[in-house]
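Okay, so here's the structure we're looking at.
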Amino acid sequence: LPDYFQYFSKQRVQRTPTPQTYPIIREAGPPEFSLNQAATYTYDDYGRAKVHLEAILTNLYSHSLPQKYNIYFQGYTPQKVSAKNSLGSLKTTLTPNLLGSQAIIDLESQTPGRGKTNRLEIDYDFLPAEKRGNLWSISLPRLEPDQITGKYSLRLVVPRSFGNPVSIAPPPIHVQDNVYYFAKDQLTYLGVNASFGNFVTQRFFLSYVQSNPSFFSTTTSIRIPSDT
């Protein structure tokens, strides 16, 4: 499944990410920031997806400032990534890497001091939903465990044209119309897998093995699956 994670380069500590199947945030010593995030995945009638990520970064100490916010996209490269804070747009550079691509966001005019917060809004396109017959399938990345992330929430917004939910795992903690809400503890090790559709057309072959222990012909019955 596609996956992503964030890390911050700091004035005192510089980190180089190590390529791996599932990247993990690595901190040198105790974390110097806390991070709260809220992600919204919105799909349109054609299965195209957009992500809106709101991030609040809080300084835990007064001696360091976040300089960059990196997002790693595993297995794909988004067409466009944009970021902004309260002062306006932030410089964002999208580059390929061994696992897919990464977006490097320069954090400008940050406020120093313990307890000060930096708020970001990031938008990018995501992998489209997969349509098989009349069934729409969606896979969303999991949240990698780390020392930085405090609160995290995820919203999945789908159009009514997708139809009714067939299966959603893990089950959402709340549903309102066509919006599905998930909590941090649900997404630490597994992402969201959801299917939508009003009906599914399947083609299959069914074989039965019957035995007759007697020497004479006999009549038996078999159970055929329902077509409804």
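- Residues satisfying the side chain to side chain donor-acceptor pair (under 3.5 Å) criterion with Asp125, sequence neighbours excluded, are absent altogether.
- Among all heavy-atom pairs drawn from Ser34 and Leu60, the shortest one is N-CG, 4.0 Å.
- Checking side-chain atoms of Ser101 against main-chain N and O of Asn97 turns up no donor-acceptor pair under 3.5 Å.
- The main-chain N or O of Leu90 is found under 3.5 Å from a side-chain atom of Thr92 such that the two form a donor-acceptor pair.
- The structure places CD1 of Ile71 at 5.5 Å from CG of Leu53, a figure rounded to the nearest 0.5 Å.
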All N/O donor-acceptor pairs, side-chain side in residues 153-166, below 3.5 Å, sequence neighbours left out:
from: Arg155; atom 1: NE; to: Thr40; atom 2: OG1; distance (Å): 3.3
from: Arg155; atom 1: NH2; to: Thr40; atom 2: OG1; distance (Å): 3.4
from: Ser161; atom 1: OG; to: Asp45; atom 2: OD1; distance (Å): 2.7

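- Linking Ile, Leu, Val, Met, Phe, Trp and Tyr whenever their side-chain heavy atoms come within less than 4.5 Å puts Val192 and Tyr76 in one cluster.
- Between Val81 and Pro78 the shortest heavy-atom distance is CG2-CG, 3.7 Å.
- Scanning all heavy atoms of the two residues, the minimum distance from Gly191 to Pro170 falls at O-CD, 3.5 Å.
- Glu121 contributes atom CD, which lies 5.0 Å from atom NZ of Lys84 (distance to the nearest 0.5 angstrom).
- Here Tyr61 and Phe33 keep their ring centres 6.0 angstrom or further from each other.
- Residue Ile56 is not grouped with residue Tyr69 when hydrophobic side chains (ILVMFWY) are merged at heavy-atom distances under 4.5 angstrom, including chains of intermediate members.
- Applying the side chain to side chain donor-acceptor pair (under 3.5 Å) test to Asp44 and every residue at least two apart in sequence or in another chain returns Arg48.
- Side-chain atoms of Gln37 and Tyr152 form no donor-acceptor pair, as typed in the model, at a separation below 3.5 Å.
- Residues forming a ring-ring contact (aromatic ring centres under 6.0 Å, His included) with Tyr180 (at least two apart in sequence, or on another chain): Phe196.
- Leu190 is linked by a side-chain contact (heavy atoms from CB on, under 4.5 Å) to nothing, counting only residues two or more places apart in sequence or in another chain.
- Taking 4.5 Å as the limit, some side-chain heavy atom of Gln102 sits within range of a side-chain heavy atom of Asn70.
- The OG1 atom of Thr77 sits 13.0 Å away from the OH atom of Tyr124 when rounded to the nearest 0.5 Å.
- Note: Phe73 and Phe126 fail the aromatic proximity criterion, with ring centroids not under 6.0 Å apart.
- Remark: Arg132 engages Glu130 in a salt bridge, criterion side-chain N to carboxylate O under 4.0 Å.
- Thr42 meets the side chain to side chain donor-acceptor pair (under 3.5 Å) test with no other residue; sequence neighbours excluded.
- Asp123 and His52 get closest at one heavy-atom pair: OD1-ND1, 2.7 Å.
- The side-chain heavy atoms of Lys68 and Ile105, taken from C-beta on, include no pair separated by under 4.5 Å.
- A donor-acceptor pair under 3.5 Å links the side-chain atoms of Asn36 to the main chain of Lys151, judged by distance alone.
- Classification of the His174-Tyr181 ring pair by plane angle, with boundaries at 30° and 60°, yields tilted.
- Between atom CG of residue Leu94 and atom CD1 of residue Ile104 there is a gap of 9.0 Å, rounded to the nearest 0.5 Å.
- Under a 3.5 Å cut-off, the side chain of Asp185 and the backbone N or O of Thr188 do not form any donor-acceptor pair.
- Atom CG of Asn134 sits about 8.5 Å away from atom CG of Asn198, to the nearest 0.5 Å.
- Taken together through direct or relayed side-chain contacts under 4.5 Å among Ile, Leu, Val, Met, Phe, Trp and Tyr, Val175 and Leu140 form part of one hydrophobic cluster.
- In this structure, CG on Leu107 lies 13.0 Å from NZ on Lys91, to the nearest 0.5 angstrom.
- A 4.5 Å side-chain heavy-atom check between Asn118 and Asn59 finds at least one atom pair inside the cut-off.
- A distance-only check finds no donor-acceptor pair linking the side chain of Thr95 to the backbone of Ala103 [under 3.5 Å].
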